[in-house]
Number of protein chains: 2
Amino acid sequence: MPKLGMEPIRKDALIKATIVEIGRTGSLDVTVSQIAKRAGMSSALAHHYFGSKEEIFLAAMRHILSLYGAEVRGALAVAEGDEARVRAILRASFSPGNFRREVVGAWLNFWVLAQTSDGARRLLAIYQGRLRSNLLAPLRGLAGSRAGELAEALGAMIDGLYLREVLKKGTPDGARAARMALAYLDAELGRKNRA
Amino acid sequence: MPKLGMEPIRKDALIKATIVEIGRTGSLDVTVSQIAKRAGMSSALAHHYFGSKEEIFLAAMRHILSLYGAEVRGALAVAEGDEARVRAILRASFSPGNFRREVVGAWLNFWVLAQTSDGARRLLAIYQGRLRSNLLAPLRGLAGSRAGELAEALGAMIDGLYLREVLKKGTPDGARAARMALAYLDAELGRKNRA
DNA sequence: AAGTTTATTGACTCGTCAATCAACAATAAC
DNA sequence: GTTATTGTTGATTGACGAGTCAATAAACTT
């Protein structure tokens with residue numbers, strides 16, 4: 001049975017299974033066995049490829065972060081003008097790909113993980129830094145000296161909307177969340193609000 | 001040694017110790033023994049008074065929630081006019097009593113707990129409901145039909161600011177957080193912003 | 001064909017922790 | 001002064017889970 005070149009396939013399956021399991025149970029108290037089982041292998045194999053549970057978690061976190069980063073980059077690439085850039089970031093943050101139950105659940109738990117694990121904290125700091133500078137650049141043109149506070153406030157708002165989504169029952173409504181963040185931006189830029 | 005009437009004292013000590021330990025470790029993975037030790041008793045006694053670890057957590061959560069609720073009520077009592085009421089809520093949310101490391105850390109973890117525990121979810125839902133209606137009443141007078149979305153957005157912003165505070169290193173800066181939330185309100189109400 | 005590397009797992013070790021229990025101590029009640 | 005009632009803990013139980021290991025097997029190398 002053993003085919004060669006399994007490593008990336010197994011790792012990938014484990015990462016995805018990790019996100020699903022964390023999102024499903026809503027907690028980091030998932031056993032390596034649960035993850036491995038969902039990924040269709042033994043727990044020993046999971047340890048073989050990742051070495052430790054923490055490494056599995058970090059890999060999953062990296063995966064989510066890089067998906068999000070790619071989406072933002074893609075949206076920025078086609079946005080023309082400062083305001084369009086800010087809007088693109090907000091929309092990307094609540095796109096169907098990122099704003100999914102399991103993903104949002106995983107986010108929340110990674111936040112907790114960042115309290116304990118240096119690796120996780122570092123990853124999250126990188127993400128926050130990138131988000132901040134992505135927002136800051138266009139905001140400087142729009143809001144001048146208030147750009148700094150605005151960028152942070154927008155970041156907090158995004159995180160808060162993620163956080164609140166977790167507790168709701170139904171399917172996440174990314175459009176609604178995006179509208180809320182955009183309304184904030186409109187207000188700050190002195191635009192008229194109205195749906 | 002055994003004096004009578006220890007129950008409330010012991011329970012109180014356990015609740016406070018729980019919040020400290022959760023805040024300190026940044027995780028719900030605190031053992032009953034750790035909590036009991038910090039509270040100056042054996043783990044058996046903790047079980048004796050609370051029955052289970054989950055009950056201890058819920059009691060700690062109730063404690064934090066009720067402190068926060070009391071602070072908001074107090075601030076509302078002396079606020080005159082709609083705008084002052086909204087501002088009072090925001091200021092109370094970031095008051096030094098609530099916006100402390102351990103407390104904020106505990107909040108984050110209770111959020112996670114709410115994913116798993118029905119009791120925790122219920123408590124959090126009650127808190128969110130109250131916050132929402134507290135905001136909604138004055139906002140109706142200020143923002144009319146947009147009050148609903150505004151209340152939710154402000155709630156998300158508060159949660160987001162809490163969330164972000166956890167990852168920072170130094171002492172939480174409640175004043176800064178409050179300023180950010182108030183700036184948002186100002187923007188939505190068409191006021192001029194400037195510190 | 002013999003040896004090496006990669007894939008894979010079941011069984012095992014070792015630690016941890018929630019929860020229980022038996023026992024003991026002090027106070028109150030009768 | 002015997003009988004609850006309340007407070008208190010050390011020791012124990014029972015489960016569970018991360019990580020290790022020995023063993024097996026397919027595939028590649030020479």
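Sequence lines set the chain letters: A, B, ... in the order given, protein chains first and strands last, and positions in each chain run from 1.
D/dA4 atom P lies 17 Å from atom CG of B/Leu4, rounded to whole Å. The distance between atom CD of A/Glu7 and atom C1' of C/dT8, rounded to the nearest whole Å, is 14 Å. Between the C1' atom of C/dT8 and the NZ atom of A/Lys11 lies a distance of 16 Å, rounded to the nearest Å. The distance from atom CD of B/Gln34 to atom P of C/dC17 is 7 Å, rounded to the nearest whole Å.
The stretch residues 37-57 of chain A comes close to DNA chain C through A/Met41, A/Ser42, A/Ala44, A/Leu45, A/His48, A/Tyr49, each having a heavy atom under 4.0 Å from the strand. Taking a 4.0 Å limit (strictly below) on heavy-atom distances, residues 22-32 of chain B reaches DNA chain C at B/Val30, B/Thr31, B/Val32.
Distances shown here put every side-chain N or O of B/Arg10 at or beyond 4.0 Å from the OP1 or OP2 atom of D/dT6.
Using a cut-off of 4.0 Å between Lys/Arg side-chain N and Asp/Glu carboxylate O, B/Arg10 and B/Glu7 are scored as not salt-bridged. For A/Arg87 and A/Asp186, the salt-bridge test passes: some basic side-chain N is under 4.0 Å from an acidic carboxylate O. Using a 4.0 Å cut-off between a side-chain N of Lys or Arg and a carboxylate O of Asp or Glu, A/Arg146 and A/Glu152 do not qualify as a salt bridge.
The environment of CZ in B/Arg121 is crowded: more than 12 heavy-atom neighbours from other residues, nucleotides or ligands sit within 6.0 Å.
Taking the six-membered ring wherever Trp is involved, the centroid distance between the rings of A/Trp107 and A/Tyr127 falls below 6.0 Å. Note: A/Phe99 and A/Tyr162 meet the aromatic proximity criterion, with ring centroids under 6.0 Å apart.
Of all heavy-atom pairs spanning A/Met180 and B/Glu149, the tightest one is SD-O, 3.8 Å.
Two residues are said to be in side-chain contact when any heavy atoms from C-beta on lie closer than 4.5 Å; B/Thr25 and B/Asp29 fail this criterion.
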